[in-house]
Amino acid sequence: MTIGRLLSPGGRLAGSLPRILLGSALLAIASCPARADVVVGVAVPRSGPYVAIGEQVLRGVQAAAKDANAKGGLDGETIVLDVQDDACDSNQATAVANHYVQANVRLVVGHVCSNASLTASDIYAANGIVMITAASVAAKLTDRGLPTIFRVCGRDDDQAKLSAAVLAERFRDRKIAILYDPSPPSRALAASTKDNLNRIGVNEALFAAFQPGDTDDAALADRLKGLGIDVVYYGGGAQEMGRLVKIAADRGFRPQWFGTSSIATPEFAKIAGSASNGVLMTFYLDPSRKPDAQAVVSAVKAQGGDPDGSLIYGYAALQALVEAGNFARSTDPRAIAKALHAERFDLVLGPVGFDAKGDVTAQGYVLYIWRDGNFNYAKAN
């Protein structure tokens with residue numbers, strides 16, 4: 001079965017499959033018989049402002065499950081996915097985590113937003129469930145040292161350090177505004193970037209919260225323009241930043257915009273249009289350009305998909321679980337967690353391991369720039 005038959009053109013599950021993918025719906029992705037099924041939970045936002053990143057992660061996990069099952073699954077067992085929508089909401093993430101506990105799901109790829117991961121991870125750790133996230137960047141997630149919690153992405157403190165360094169190096173003598181919305185990821189990244197920037201000896205002209213929405217966006221753009229702001233750092237998601245950049249451009253305000261890994265999706269450029277050109281962004285090192293990922297990239301492209309943003313990290317998250325389980329010759333979460341902490345594995349990210357906290361050893365964040373609807377590495381200043 002091809003990826004195209006499993007996914008609709010937009011990346012969602014084909015046909016009218018329910019979001020809880022159990023039973024025969026995904027058995028067809030196995031190419032050979034196995035002793036049993038091992039159910040892996042996939043907790044992503046399929047509603048709300050971060051749905052685009054959730055879809056990227058989900059498509060990556062689905063591709064990894066297909067490839068793993070074609071090679072014998074996880075310790076000889078067919079991988080079946082139980083997909084749940086947490087909407088990047090802490091309360092909903094709690095419900096999802098409790099669902100997995102009650103359903104005896106012992107391995108989870110998720111969550112995407114850090115607030116959801118922080119809430120759910122306590123439940124997983126208390127119940128011996130291995131959780132590995134492809135996109136949650138909060139340092140606190142792994143700093144607690146929970147033995148069954150891992151991530152294949154970077155940390156927000158590393159991202160904030162890079163953002164602050166870029167702002168100080170390139171825009172030290174310019175008026176800088178640091179903005180955030182009420183969402184926990186936005187607030188945390190903005191605050192950490194401000195703290196790091198101030199430690200370097202550079203002070204922002206404005207540090208402010210705002211409520212996303214077309215009316216407030218227009219008022220905010222006019223306020224920033226009136227203050228003579230030259231550079232705007234925003235810690236929010238693709239939808240809101242795309243809208244804010246476009247509204248500002250339409251009102252004649254074109255500062256240097258600077259975003260985070262949350263805008264690493266084509267949705268940002270579709271919303272912002274031509275105003276997205278020149279926008280800077282911090283994001284993980286692009287694994288789709290690594291030799292280790294070329295087979296996955298080619299397969300996704302052959303099915304009409306786009307291996308961008310967090311898709312490869314979703315693939316790597318499930319791949320890590322599979323590699324650790326096959327190394328340990330077990331589907332037991334304790335054995336898998338032990339292998340993840342102790343060994344190195346050849347993933348689409350390259351040869352990586354996980355430290356005592358559960359952080360991946362892969363290279364961290366780099367600076368990107370948007371041009372013509374795509375993002376690429378930014379040149380050194």
Side-chain angles (χ1 to χ4, degrees), residues 35-44 57 60-61 64-65 68 71-82 84 86 93-94 96-112 114 116-155 313-362:
R35 297 195 308 269
D37 296 338
V38 56
V39 180
V40 176
V42 186
V44 294
V57 172
V61 174
K71 298 175 182 177
L74 198 166
D75 190 35
E77 298 188 13
T78 301
I79 299 166
V80 177
L81 305 179
D82 179 349
Q84 296 288 324
D86 68 8
T94 298
V96 169
N98 286 327
H99 159 77
Y100 288 141
V101 171
Q102 294 164 9
N104 200 32
V105 174
R106 315 306 293 168
L107 304 172
V108 174
V109 175
H111 297 232
V112 166
S114 291
S117 284
L118 284 164
T119 299
S121 61
D122 287 331
I123 298 172
Y124 298 139
N127 289 276
I129 296 172
V130 170
M131 175 196 121
I132 185 165
T133 176
S136 292
V137 298
K140 183 180 177 181
L141 179 63
T142 49
D143 281 351
R144 296 170 297 167
L146 300 176
T148 61
I149 307 303
F150 300 85
R151 63 169 139 227
V152 293
C153 59
R155 296 164 52 103
Y313 285 87
Y315 189 104
L318 183 65
Q319 188 185 26
L321 294 178
V322 172
E323 293 295 320
N326 289 341
F327 176 87
R329 297 183 179 180
S330 175
T331 61
D332 184 88
R334 292 168 298 181
I336 289 175
K338 182 178 178 181
L340 287 172
H341 279 299
E343 305 298 329
R344 291 179 65 84
F345 301 100
D346 291 327
L347 308 183
V348 288
L349 304 178
V352 301
F354 296 86
D355 64 19
K357 292 181 177 181
D359 286 320
V360 71
T361 59

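These numbers come from the heavy atoms of this one structure, side chains and all, not from hydrogens, waters or symmetry mates.
Contact between I79 and A65 at its shortest, heavy atoms only, is CG2-CB, 4.2 Å. In terms of heavy-atom proximity, V105 sits nearest to D82 at CG2-OD2, 4.2 Å. I149 and Y124 make their closest contact through CD1-CB, 4.3 Å (heavy atoms, listed as atom of the first residue, atom of the second, distance). Among all heavy-atom pairs drawn from Y100 and V108, the shortest one is CD1-CG2, 3.8 Å.
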R151/D359 under side-chain contact (heavy atoms from CB on, under 4.5 Å): CA gap, chis, key distance, verdict = CA-CA 6 Å; R151 63 169 139 227; D359 286 320; 2.7 Å; yes
message = side-chain contact (heavy atoms from CB on, under 4.5 Å) for V61 and V44? Distances and angles first, verdict last.
response = CA-CA 11 Å; V61 174; V44 294; over 6 Å; no
message = Test salt bridge (charged side-chain N to carboxylate O under 4.0 Å, His left out) on K357 and D355; report intermediate values, then the result.
response = CA-CA 5 Å; K357 292 181 177 181; D355 64 19; over 6 Å; no
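For the pair C153/V360, no side-chain contact is recorded, criterion being any heavy-atom separation below 4.5 Å from C-beta on. In this structure the side chain of Y315 never reaches within 4.5 angstrom of the side chain of L347, judged on heavy atoms. A 4.5 Å side-chain heavy-atom check between L146 and D122 finds at least one atom pair inside the cut-off.
At least one donor-acceptor pair under 3.5 Å links the side chain of R344 to the backbone N or O of P351. Distance alone, capped at 3.5 Å, places no donor-acceptor pair between the D37 side chain and the V39 backbone. Not a single donor-acceptor pair under 3.5 Å links the side chain of T119 to the backbone N or O of A116.
Here the straight-line distance linking atom CD of E343 with atom CZ of F354 works out to 12.5 Å at 0.5 Å rounding. Residue S114 holds its OG atom at 11.0 Å from CZ of R155, rounded to the nearest 0.5 Å. Of the inter-residue distances, the one linking I336 atom CD1 with T331 atom OG1 reads 6.5 Å to the nearest 0.5 angstrom.
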Please list every donor-acceptor pair under 3.5 Å in which a side-chain atom of residues 318-327 meets a protein atom from a residue at least two apart or in another chain.
residue	atom	partner	partner atom	Å
Q319	OE1	V348	N	2.9
N326	OD1	D75	N	2.6
N326	ND2	V322	O	3.4

Under 3.5 Å, side-chain donor or acceptor atoms of residues 125-134 against the rest of the protein: list the pairs with distances, not counting sequence neighbours.
residue	atom	partner	partner atom	Å
N127	ND2	I123	O	2.8
T133	OG1	H111	O	2.5
T133	OG1	A135	N	3.1
T133	OG1	S136	N	3.0
T133	OG1	S136	OG	3.3

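The number of heavy-atom neighbours closer than 6.0 Å to CZ of R144, taken from other residues, nucleotides and ligands shown, is above 12.
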